[in-house]
Amino acid sequence: MAILKIARAGHPVLRKPASPVPLSDIGSPEIQRLIDDMLHTVDDADGAGLAAPQVHQSKRIVVLQLDDDRGMEVWINPELTPLTDAHLITFEGCLSVPGLRGAVARPAQIEVSAYDRTGAPLQLVLDDFAAVVAQHECDHLDGVLYIDKAIPETLSFLDEYRRYGAQSLLAPRGDELDAEGE
Ligand code: NI
């Protein structure tokens, strides 16, 4: 396994819609090695998730941790559907945008359809923090970064975010923080 180099904002690979992985390729040594390397890389970087375009592979694969009790999930060709009009405001960060945090409003509950690393289909309903992480990672597959969706005046360097607190960044807008993710 290898630790892969993570592309940073400004690299064109982060802006290109990623290609679906043909189902017949999921079991291939190349895809399995990429998944192993992504798991190793996200663990090394201490991230909540990683999408293949972030390691310069324009393929629809994400690895992500939905909560502390579960290990990393691997989703191939994920499709997300919002299940509610209710939105959740949380602060997000991204391994491709190091040193920044910003508040994003996202649908609070979604349905996910994807394939796992064995090629088996999976379907699940996620809410709260897990729904946010899933949407953040899957946005990468469409060339979208969280900074595109962040409430502009909440963008903050990590030091200031920690010093002044998430709520102080939202307070001038009258918004309430729903959860503090990092
Ligand atoms: Ni990200």
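Ligands are counted one by one from 1 in listed order, and the atoms in each one are counted from 1 as well. Residues: numbered from 1 along the sequence shown.
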### Task
Look up atom CD1 in Ile35 and atom CD1 in Ile26, then write down how far apart they are to the nearest 0.5 Å.
7.5 Å
### Check: Glu92 and Val132 side chains under 4.5 Å, non-hydrogen atoms
yes
## Note on the structure
The residue among Arg60, Arg15, Lys16 that forms salt bridge (charged side-chain N to carboxylate O under 4.0 Å, His left out) with Asp142 is Arg60
### Message
Does Gln109 form a side chain to side chain donor-acceptor pair (under 3.5 Å) with Thr84? I'd like the steps, not just the answer.
### Response
CA-CA 6 Å; Gln109 189 179 55; Thr84 172; over 6 Å; no
### Message
Check for me, please, whether Leu66 and Leu39 land in the same ILVMFWY cluster - side-chain distances under 4.5 Å, paths through other members count.
### Response
no
### Message
Is the ring pair His56/His11 parallel, tilted or perpendicular, if the boundaries are 30 and 60 degrees?
### Response
perpendicular
#### Entry: Shell of protein N/O/S atoms around the Ni ion (ligand 1), taken as anything under 2.8 Å
Cys94 SG, His136 NE2, His140 NE2
